Amino acid sequence: MEETKIPGDDKPTRSLNFIEEIIEEDIRNGINEGRVHTRFPPEPNGYLHIGHAKSICLNFGLGKKYGGKTNLRFDDTNPVKEDVEYVDSIMEDVKWLGFDWEDRLFYASDYFEQLYEYARILISKGKAYVCDMTADEIGETRGTPTRPGTESIFRSRLVEENLDIFARMRAGEFPDGSKVLRAKIDMASPNMHMRDPVLYRILHTTHHRTGDRWCIYPMYDFAHGQSDSIERITHSICTLEFEVHRPLYDWFIREIGIYAPRQIEFARLNVTYTVMSKRKLLELVRDGNVNGWDDPRMPTICGLRRRGFTPESIRTFADTIGVAKRDNVIDVSLLEFCIREDLNRRANRLMAVLNPVKLILDNYPADLVEEMEAVNNPEDDSKGKRMMPFSKTLYIEREDFMEDPPNKFFRLAPGREVRLKAAYIICCESVVKDPGTGEITEIHCTYDPQTKSGMPESNRKVKGTLHWVSEKHAVSAEVRLYDRLFIKENPDETVEGKTYKDFLNPDSLKVVTAMIEPSVNSAREAGKFQFERNGYFSVDKDSTPQHLVFNRVVPLKDSWAKAEKVK
RNA sequence: UGACCCAUGGUGUAACGGUAGCACAAGUGAUUUUGGUUCACUCGGCCCAGGUUCGAAUCCUGGUGGGUCAACCA
């Protein structure tokens, strides 16, 4: 069949975001000979989270889109906070997300020698000086946003003396905090970052890569732009809070006289009910509020991975949220939509009863076992079918039965007919209760032998379809139900002296023992499933053949809850 | 009471001086051996006031609101 072409309809439908517009304009203007080179520059002081995923997708995406390159660079200029553990996890997470920096793995610490030379250039030009003031004194003399600062008495130090002291700082002659190298710019600038910012501080700390070779370390502002320049990055994309740093970024490049990349800022990602601060996430891990960085409740890449998110779904999410300069809070339901959409296509269905109650078919032969055929994925025929053992005694979901059902309830109730998915239509005859607690212990039904799935009679309309497992064939498994919300609302630490931890959801994790159809044993490697009518689940890394463990990735869209709300 | 940035449905994001569109969310209906999926439909928006223009979400001015900046963190 041939599709009719609508004139003008073949133009790219996706419009450009503002960064792409800048890049395309640069290309049109012949800047950098049309070259596009980006970088993802994390500091290895924590694990990557969903917010970084936006930046990763953006930077690598742009590199790919414009036939350019993207570097991975560790911004490791503060040995106090950084560690190889984080370096390793970051590389793993970027790879898992599906991006490849090829042979372009760099570290700001690779450039320490070059950066030191750049600093000497500034000193020689009279644009930098060694200052002996304490951190407090520097802070006090910096002024405030509305009041100019005052110049350091060391500002007039001679070039030769500066060069000499700077060399001795490097040689380790001075203790931590005793001296810093500062740029000589303008203590009255309305931009605080231009008020003689610190370039180098003394830190007698072992660096995770350079060891004890250095005891002076460059500050972010002095390292980042120059690192971009060394790598000949064309577009240095960062988040909005660095906007006020841009004049300084450009100042260093200009004064040193080196290749000039262009810094572009975008709004960082925020997600409702989600903590997105490295510092706070670190606290949660350190204080034991979660079981590590990869706890499935964490918004870290490894947490999402362990929970069962796919890299595709995260990339789709990043594409969908777009890029702009206004502050934003993305509704977590969009993330959930992306993973549901992906998993609906790829996850095989499985009968799993999370809260079992016994159902006995009074008219079914006691020793008979039938094999029922069930499709693995109604969205994808190629996923094939499987057989499920069916017998007299079954488990169904306790919530699928009500003695005294409300109007909109169309599952099992006394005297009502319901379909057992892929099996028979049954009718509820009676219930047995525990005389003590009054809890229902057995539901007795009769089945209609003419309604086995596939028979003509099975086409009969019944209101509800239940999932089930055979009592003697079912496999038990530990199922971890992670709630939709880990944080009850967006935490605001300024409220009534509360900390964000007061907003942690105490019910964020529930553990139950579920009964699952036996085919789970052979299909476990598949990794991800939809538990019929409950949600998408992934096999946890704690899982063993003897002890199955599942995480709930995300619940199914719950229309039953909506129906309940209406009434 | 400084500098810089931002302002489009509930949430995001388009429109580049010429019909305000898309996605999520929400609602209605149809299909369905998952109250899932799918399909159709509905709801709902240009911060305010001036100005330029035949015509402004778009350009200009002024308000208003929000954000960022005062680590020897990044």
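Letters go in sequence order (proteins before strands), and every chain restarts at 1. A quick note: this is a predicted structure, and the numbers were derived from the prediction, not measured.
With rounding to whole Å, A/L335 atom CG is found 11 Å from B/rC24 atom C1'. Computed from coordinates, the A/E243 CD to B/rA74 P distance equals 20 Å when rounded to whole Å. Distance, A/Y47 OH to B/rA74 P: 21 Å, rounded to whole Å. Note: CZ (A/R279) to C1' (B/rA71) measures 14 Å, nearest angstrom. If you measure from atom CG of A/L269 to atom P of B/rU11, you get 16 Å, rounded to the nearest angstrom. A/L350 has its CG atom 21 Å from the P atom of B/rU33, to the nearest Å. The interatomic distance linking A/H208 (NE2) with B/rA74 (C1') rounds to 13 Å, in whole Å. A/N328 has its CG atom 18 Å from the P atom of B/rC24, to the nearest Å.
When the C1' atom is used for both B/rU58 and B/rG17, the distance is 7 Å, rounded to whole Å. The gap from the P atom of B/rA3 to that of B/rU13 amounts to 27 Å, rounded to the nearest Å.
Proximity note for A/E43 (side chain, C-beta onward) versus B/rU68, B/rG35, B/rC73: the nearest is B/rC73. For A/R326, the side-chain atoms get nearest to B/rC6 when compared with the rest of B/rA71, B/rG12, B/rC6. Nearest to the side chain of A/P145, among B/rG2, B/rA74, B/rU33, sits B/rG2. Here B/rG2 is the nucleotide among B/rA14, B/rG2, B/rC24 with the atom lying nearest to any side-chain atom of A/P190. Of the candidate nucleotides B/rG12, B/rC6, B/rA26, B/rA26 has the atom nearest to the side chain of A/K557. For A/F337, counting side-chain heavy atoms from C-beta on, the closest listed nucleotide (B/rC24, B/rA14, B/rG35) is B/rC24. Side-chain atoms of A/V244 lie closest to B/rC4 of the nucleotides B/rU33, B/rC4, B/rA74. Of the candidates B/rU33, B/rC72, B/rC69, B/rC72 carries the atom nearest the A/M219 side chain, counting heavy atoms from C-beta on. Between B/rC6, B/rA74, B/rU37, one nucleotide has an atom nearer to the side chain of A/N344 than all others, and that is B/rU37. The listed nucleotides are B/rU37, B/rG35, B/rU33; the one nearest the side chain of A/E379 is B/rU37.
Nearest heavy-atom pair, A/G51 versus A/L269, reported as atom, atom and distance to 0.1 Å: CA-CD2, 3.9 Å.
A/V323 comes within 4.0 angstrom of the backbone, heavy atoms only, and of no base. If you check every strand for non-hydrogen atoms under 4.0 Å, A/M133 touches a base. If you check every strand for non-hydrogen atoms under 4.0 Å, A/E336 touches nothing. Within the 4.0 angstrom heavy-atom criterion, no nucleotide atom of any strand lies near A/L203. Using a 4.0 Å heavy-atom criterion, one finds that A/H245 contacts the bases of the nucleic acid, with or without backbone contacts as well. Nucleic acid contact for A/T77: sugar-phosphate only, since backbone atoms but no base atoms lie under 4.0 Å from a heavy atom of the residue. Residue A/N191 is out of contact with every strand shown, counting any heavy-atom pair closer than 4.0 Å. If you check every strand for non-hydrogen atoms under 4.0 Å, A/V198 touches sugar and phosphate atoms only. At a threshold of 4.0 angstrom between heavy atoms, the contacts of A/R411 include nucleobase atoms, whether or not backbone atoms are also involved. Across all strands, A/H193 comes closer than 4.0 Å only to sugar-phosphate atoms, never to a base (heavy-atom distances). Using a 4.0 Å heavy-atom cutoff across all strands shown, A/Y217 reaches no nucleic acid atom at all. At a threshold of 4.0 angstrom between heavy atoms, the contacts of A/G46 with the nucleic acid are absent. Residue contacts shown for A/A324 are limited to sugar-phosphate atoms, with no base heavy atom under 4.0 Å away. Heavy atoms of A/L334 sit under 4.0 angstrom from primed sugar atoms or phosphate atoms, though from no base atom.
In this structure, A/D110 does not pair ionically with A/R73, as no charged nitrogen and carboxylate oxygen lie closer than 4.0 Å. The residues A/E341 and A/R345 are annotated as not salt-bridged, no charged nitrogen and carboxylate oxygen being separated by less than 4.0 angstrom. Salt bridge A/K81/A/E43: absent, no basic N to carboxylate O contact under 4.0 Å.
Checking each of A/E371, A/E373, A/E517 against A/R386 for a salt bridge (charged side-chain N to carboxylate O under 4.0 Å, His left out) leaves exactly one that passes, namely A/E517.
The side chain of A/K278 contributes no N or O atom lying less than 4.0 Å from OP1 or OP2 of B/rC73. Look at A/R142 and you'll find a side-chain N or O under 4.0 angstrom from OP1 or OP2 of B/rC72. Residue A/K325 places none of its side-chain N or O atoms closer than 4.0 Å to OP1 or OP2 of B/rA7. Taking 4.0 angstrom as the limit, A/R201 places a side-chain polar atom (N or O) nearer than this to OP1 or OP2 of B/rC73.
Remark: B/rG55 base-pairs with no nucleotide in the shown strands. Criterion, Watson-Crick or G-U wobble with two distances under 3.5 Å. Nucleotide B/rU13 is matched to B/rG21 when pairs are restricted to Watson-Crick or G-U wobble geometry with both distances under 3.5 angstrom. Nucleotide B/rU32: unpaired (no Watson-Crick or G-U wobble partner with both distances less than 3.5 Å). Under the Watson-Crick and G-U wobble criteria, each requiring two contacts below 3.5 Å, nucleotide B/rA3 is paired to B/rU68. B/rU42 is paired with B/rA26 under the criterion used here, namely a Watson-Crick or G-U wobble arrangement in which both key atom distances are under 3.5 Å. B/rA49 and B/rU61 make up a base pair, with Watson-Crick or G-U wobble contacts both under 3.5 Å.
In this structure, the separation between CD1 on A/I50 and CZ on A/F309 is 7.5 Å, given to the nearest 0.5 Å. To the nearest 0.5 angstrom, A/L350 atom CG is 11.5 Å from A/N534 atom CG. Rounding to the nearest 0.5 angstrom, the gap separating the CD atom in A/E231 from the OH atom in A/Y111 is 3.0 Å.
Ring planes of A/H245 and A/H193: tilted class, angle from 30 to 60°.
If you look at A/F74 and A/Y107, their ring centroids are closer than 6.0 Å.
Comparing A/K463 and A/K81 by the nucleotide of RNA chain B whose heavy atom lies nearest to each, the residue mapping closer to the 5' end is A/K463. Of the two residues near RNA chain B, A/Y200 and A/N459, the one whose nearest nucleotide lies more 5' is A/N459.
Side-chain to base pairing of A/S453 with B/rU33: one donor and one acceptor N or O lie within less than 3.5 Å of each other.
B/rA25 adopts an anti glycosidic conformation, its chi angle falling more than 90° from 0.
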